[in-house]
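As the structure is a prediction and not an experimental result, all values here were calculated from the model.
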Amino acid sequence: MAANSALTDEKFQELEQYIDAMPTTKGELIRVLHKAQDIFGYLPEEVQKFVGKKLKISTAKVFGVVTFYSYFTMTPKGEFNISICMGTACYVRGAEDVLNELKKELDIEVGETTPDGKFSLQSLRCVGACGLAPVVMVEDKVYGRVTPDMVKDILAEYK
């Protein structure tokens, strides 16, 4: 594998050591997938096959869990993950317009990552900050009462 690849031997070794240190692997698929995503940043097919082999379960079962839970992703995330709340309060206060501006500025769709690997864009159902609607989060930083005009300035903080 290429040295700059997210799928380095060191990362597979780290995951293997984590799994091998578990007292039992029975019923631990989700915990192992969380650790794998922490290590690799996402769960591509190679990682899912590795997890299945180590836990002695089918790749199909691993894939089923990965695709069922929205926390897991099979595509690499950007350096900065941008989430926009599309819950009712945010939606009625203009979240769709903010989302459209984010998509325009980043030139990506929801669920995608910019070609330079800098930003990922996702939408959420509710972040629990309804009084600040519409809400945008960049990693753990919350931006409230966001308007489309604020998008460029928010993005500029991370460039």
Side-chain angles (χ1 to χ4, degrees), residues 2-8 10-12 14-15 17-19 22 27-51 61-159:
N4 63 355
S5 171
L7 305 177
T8 62
E10 291 82 17
K11 290 181 180 182
F12 278 104
E14 181 181 349
L15 180 58
Q17 288 170 356
Y18 175 80
I19 295 169
M22 299 177 94
E28 296 293 346
L29 175 58
I30 291 176
R31 179 179 293 173
V32 170
L33 288 173
H34 275 277
K35 182 65 173 182
Q37 187 160 292
D38 285 346
I39 293 169
F40 291 93
Y42 69 118
L43 299 171
E45 184 178 344
E46 300 91 325
V47 172
Q48 292 180 55
K49 286 179 180 178
F50 181 83
V51 167
K61 182 173 183 173
V62 175
F63 178 78
V65 170
V66 169
T67 56
F68 180 80
Y69 291 101
S70 62
Y71 172 80
F72 298 122
T73 181
M74 294 188 298
T75 56
K77 293 285 183 196
E79 181 182 348
F80 299 105
N81 190 39
I82 301 172
S83 303
I84 181 160
C85 180
M86 297 301 282
T88 304
C90 288
Y91 189 83
V92 299
R93 293 186 183 151
E96 187 173 29
D97 293 335
V98 175
L99 176 59
N100 288 335
E101 187 64 20
L102 281 164
K103 291 190 314 189
K104 182 180 130 201
E105 285 296 319
L106 297 170
D107 195 26
I108 58 173
E109 293 296 319
V110 171
E112 294 181 345
T113 300
T114 56
D116 64 2
K118 190 90 167 170
F119 297 103
S120 294
L121 182 61
Q122 68 178 22
S123 65
L124 304 171
R125 285 288 136 225
C126 184
V127 296
C130 303
L132 297 175
V135 172
V136 170
M137 292 178 62
V138 180
E139 294 300 315
D140 294 328
K141 186 172 181 181
V142 176
Y143 296 86
R145 297 183 184 89
V146 178
T147 65
D149 293 340
M150 296 167 68
V151 167
K152 280 185 184 178
D153 291 336
I154 292 171
L155 294 176
E157 291 182 38
Y158 300 92
K159 291 192 175 179

Colleague: Taking side chain as C-beta onward, heavy atoms only, is Phe40 less than 4.5 Å from Glu46?
Modeller: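 Side chain of Phe40 against side chain of Glu46, heavy atoms only: no contact under 4.5 Å found.
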
Colleague: Around Tyr18, counting heavy atoms of other residues, nucleotides and ligands shown, do more than 12 lie under 6.0 Å from its OH?
Modeller: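 Yes, enclosed.
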
Colleague: For atom NZ of Lys49, decide whether the heavy atoms of other residues, nucleotides or ligands shown that lie under 6.0 angstrom number more than 12.
Modeller: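 Count not over threshold, so no.
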
Colleague: Is Tyr71 atom OH crowded by more than 12 heavy atoms from other residues, nucleotides or ligands, each under 6.0 Å away?
Modeller: yes

Colleague: If I take atom OG1 from residue Thr113 and atom CD from residue Gln122, how far apart are they, to the nearest 0.5 angstrom?
Modeller: 10.0 Å

Colleague: Side chains of Val47 and Leu33: closer than 4.5 Å at any heavy-atom pair?
Modeller: no

Colleague: Please verify the inter-ring angle class for Tyr143 with Tyr158; under 30° counts as parallel, over 60° as perpendicular, anything in between as tilted.
Modeller: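 The arrangement is perpendicular - the two ring planes meet at more than 60°.
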
Colleague: Please find the pair of heavy atoms, one from Leu124 and one from Ser83, that lie closest to each other, and give the distance.
Modeller: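 It is CD1-CB, 3.5 Å.
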
Colleague: Quick check: do Lys35 and Ile39 have side-chain heavy atoms less than 4.5 Å from each other?
Modeller: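 Heavy-atom side-chain distance check passes, below 4.5 Å.
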
Colleague: Is there side-chain contact between Ile154 and Leu102, with heavy atoms separated by less than 4.5 Å?
Modeller: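 Counting from C-beta outward, Ile154 and Leu102 never come under 4.5 Å.
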
Colleague: Would one find more than 12 heavy atoms of other residues, nucleotides or ligands at under 6.0 Å from atom CZ of Phe80?
Modeller: yes

Colleague: Are Leu7 and Pro44 packed together at the side-chain level, in the sense that at least one heavy-atom pair is separated by less than 4.5 angstrom?
Modeller: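 Of all side-chain heavy-atom pairs linking Pro44 with Leu7, at least one is under 4.5 Å.
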
Colleague: For residues Arg145 and Gly131, report the shortest heavy-atom separation together with the two atoms involved.
Modeller: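 Minimum heavy-atom separation between Arg145 and Gly131: NH2-O, 3.1 Å.
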
Colleague: Answer yes or no: does atom CD of Glu45 have more than 12 heavy-atom neighbours from other residues, nucleotides or ligands under 6.0 Å?
Modeller: no

Colleague: Side chains of Asp116 and Thr114: do they bring a donor and an acceptor to under 3.5 Å?
Modeller: yes

